[in-house]
Amino acid sequence: MIRVAGPGAAVAALAVTLTLLTVSAAPAPAATVPAATVAATAVTAAADPLAGLRGRQPSWHPCASGPQDAEGADLDAADARCTEVTVPLDYRRPDGRTLGVAVSRLPATDPAHRLGTLFYNPGGPGVPARALSLALRRAAPALGARYDIVAVDPRFVGASAPLDCGWPTAGPGGAGPDRTGFDRSAAIARDLAARCAPLRALLPHASTRNAARDLDLVRSVLGESTVSYLGSSYGSYLGEVYLQLFPERVGRAVFDAAMDPDLFGPDLTATQGPAMAGALAAWAAWAAGRDDRHHLGTSAAGVLASVERVRLEAERAPLAVGDHRIDARALPQVLWTVSAGDDDSAYEEFSALARVLLDAAEGRPARPTALLEAVLTGLASPDTGGYAAAQSAVMCADRAASRDPLAYYRDIRAHRAEEPLFGPLTRNLTPCTFWPAEPAEAPTRVRNAVPVLLVGADGDPAATYPGQLSAHRALTGSRLVTLRGAFRHTVYAGLFAPRDTCVDAAVDHYLLDGVLPAHDTDCPPPRP
């Protein structure tokens, strides 16, 4: 989970608005309802104000919303079915306004050996989950054989009453090298927040806490007494909150790249600068051994010196790369792509990108690589579908941000010496500083002993390892499997980063056989 609009953001944020299906039964004539039944119903409603919503039967239908819905068509071809579940906008007022959350279910391919239902959330926040559930089944067919895989587009995301503020850009970017750049980013953040003001009645209810409640209502509607859960990145935080609120409803749970539950919110990225620097240094060591191809330096220090040359030149004047101009505010977002993976393929792509930037910094003609073109185009594009607005809405609802813009500027200045490249991005303010609504509830305090498996890389640039350890301490029933010497975000099944057989074996052994590791364990570093 980062503030950068990567090249895949537009695809991930594609929102298809579905007509919500309201199922209602005609009431029986009053004379035919026994008094005892009326009394029992009143008691049930008093004990469970959500009883009416829990009792609605799901109306399953094809997932494709039309001939242009390729993701829905893929789900249909895999025998998935979709439905919508009605949930309260505000769980404190269950009889008030409602909205619909979109649900997909991929049936177990080996129903004779079915273990149950596995809820899956791939991260974000702001990323639709339903289409990516099919990617999970393809990447982990053993799970797909034994579990019905259920994915819910979280409220205000994807097909679940999508929230779109019409943002002309995905975010304020970095603060740049001076007060002028910071003020410009603050003006952008203020404008983005103001564009969400017409939706202020919805914004306090976009929280992860409410998304977790929605998951439990979906569980109930599906008739499942318990569910298993797999979440990666932000999906791990959603799982942490669900585990805290509904510990008795969780069977087996796996959190991939666990987020720090005590910090998750708009300022979480302030912890990511050192981890990003570590990821960049790991790439630099790799690139130094291949100087004959990319000519970035013959040592890790030399490669990092080339990156520093790019940074200094971008601070003097925007770098000309094809039809694009990369200034100091955009550069750390561009270089964030080093976190896309730590295998040869990803590092080759990033090295070619870095070579283009160095050419531009040294005054040579520079044309963007395909990756760089996609990144720069994404940064210059509007927030199509509301991916970034929904992400901000969730984080602003989860934890309040400082309303003092200069507090962020002071923090950037205080850390500029040790974080000159990524600090002005990770420590910069967000639209939450100017958000037109306050959180409706306090942050969820996660502290429980429910058994859960945590997996992650110790060099994860987004879900930093100190944050993973914080999650491990908060979840006292957890076991942690650490992939050592890896600089990748998420580690299971090769879904979003290179695959690791040691991690996969630990996750599969737990989800399929119910066996947690006896103690925390390490997986060896990936082979170079």
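No hydrogens, no waters, no symmetry mates; every other heavy atom, side chains included, goes into these values.
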Residue pairs passing the disulfide (SG to SG under 2.5 Å) test where at least one lies in residues 187-270, sequence neighbours excluded: Cys165-Cys196

Grab the two heavy atoms, one from [X] and one from [Y], that are nearest each other, plus how far apart they are.
{"X": "Pro266", "Y": "Met395", "answer": "CD-O, 3.2 Å"}
{"X": "Val150", "Y": "Arg105", "answer": "CG2-CG, 3.8 Å"}
{"X": "Pro461", "Y": "Met276", "answer": "CB-SD, 3.3 Å"}
{"X": "Gln468", "Y": "Gly456", "answer": "OE1-CA, 3.4 Å"}
{"X": "Pro125", "Y": "Phe264", "answer": "CD-CZ, 4.3 Å"}
{"X": "Ala186", "Y": "Phe434", "answer": "O-CE1, 3.6 Å"}

Side chain proximity check, [X] to [Y], heavy atoms < 4.5 angstrom:
{"X": "Tyr492", "Y": "Ser232", "answer": "no"}
{"X": "Thr482", "Y": "Tyr465", "answer": "yes"}
{"X": "Asp327", "Y": "Arg184", "answer": "yes"}
{"X": "Val127", "Y": "Tyr234", "answer": "no"}
{"X": "His324", "Y": "Val375", "answer": "no"}
{"X": "Val227", "Y": "Phe246", "answer": "no"}
{"X": "Pro62", "Y": "Arg81", "answer": "yes"}
{"X": "Pro274", "Y": "Phe422", "answer": "no"}

Less than 4.0 angstrom from a charged side-chain N to a carboxylate O is my criterion; do [X] and [Y] meet it?
{"X": "Arg213", "Y": "Asp216", "value": "no"}
{"X": "Asp383", "Y": "Arg195", "value": "no"}
{"X": "Arg219", "Y": "Glu248", "value": "no"}
{"X": "Asp262", "Y": "Arg447", "value": "yes"}

As a quick check of understanding, evaluate side chain to side chain contact (heavy atoms under 4.5 Å, CB included) for Tyr229 and Val452, giving each step before the final call. CA-CA 10 Å; Tyr229 183 90; Val452 58; over 6 Å; no

Would you say [X]'s side chain and [Y]'s backbone share a donor-acceptor pair under 3.5 angstrom?
{"X": "Asp267", "Y": "Ala401", "value": "no"}
{"X": "Asp256", "Y": "Thr490", "value": "no"}
{"X": "Thr269", "Y": "Gln272", "value": "no"}
{"X": "Thr271", "Y": "Leu268", "value": "yes"}
{"X": "Arg114", "Y": "Tyr147", "value": "no"}
{"X": "Ser236", "Y": "Ala257", "value": "yes"}
{"X": "Arg137", "Y": "Pro107", "value": "yes"}
{"X": "Thr337", "Y": "Val334", "value": "yes"}
{"X": "Asn428", "Y": "Phe182", "value": "no"}
{"X": "Asp110", "Y": "Arg146", "value": "no"}

Might you work through the side chain to side chain contact (heavy atoms under 4.5 Å, CB included) test for Phe487 and Ser339, ending with a clear yes or no? CA-CA 7 Å; Phe487 297 85; Ser339 65; over 6 Å; no

Quick one: do the [X] and [Y] side chains pair a donor with an acceptor below 3.5 Å?
{"X": "Asp398", "Y": "Thr208", "answer": "yes"}
{"X": "Gln244", "Y": "Thr444", "answer": "no"}
{"X": "Asn121", "Y": "Tyr237", "answer": "no"}
{"X": "Ser470", "Y": "Asp260", "answer": "yes"}

Distance in Å, [X] [atom1] paired with [Y] [atom2], rounded so as to fall on 0.5 Å steps:
{"X": "Ser220", "Y": "Leu215", "atom1": "OG", "atom2": "CG", "answer": "12.5 Å"}
{"X": "Thr86", "Y": "Leu217", "atom1": "OG1", "atom2": "CG", "answer": "8.5 Å"}
{"X": "Leu421", "Y": "Leu331", "atom1": "CG", "atom2": "CG", "answer": "6.0 Å"}
{"X": "Asp460", "Y": "Leu483", "atom1": "CG", "atom2": "CG", "answer": "10.0 Å"}
{"X": "Leu106", "Y": "Asp148", "atom1": "CG", "atom2": "CG", "answer": "8.5 Å"}
{"X": "Thr83", "Y": "Gln57", "atom1": "OG1", "atom2": "CD", "answer": "10.0 Å"}

Arg155 and His205: side chain to side chain contact (heavy atoms under 4.5 Å, CB included), yes or no, with the steps? CA-CA 9 Å; Arg155 55 172 55 201; His205 310 296; 3.8 Å; yes

Aromatic ring pairing Phe119/Tyr242, orientation class (parallel under 30°, perpendicular over 60°, tilted between): tilted

Using side chain to side chain contact (heavy atoms under 4.5 Å, CB included), reason through Val87 and Leu53 one step at a time and then give a plain yes or no. CA-CA 7 Å; Val87 302; Leu53 295 177; 5.6 Å; no

Within 6.0 Å of CZ in Arg445, more than 12 heavy atoms from elsewhere: no

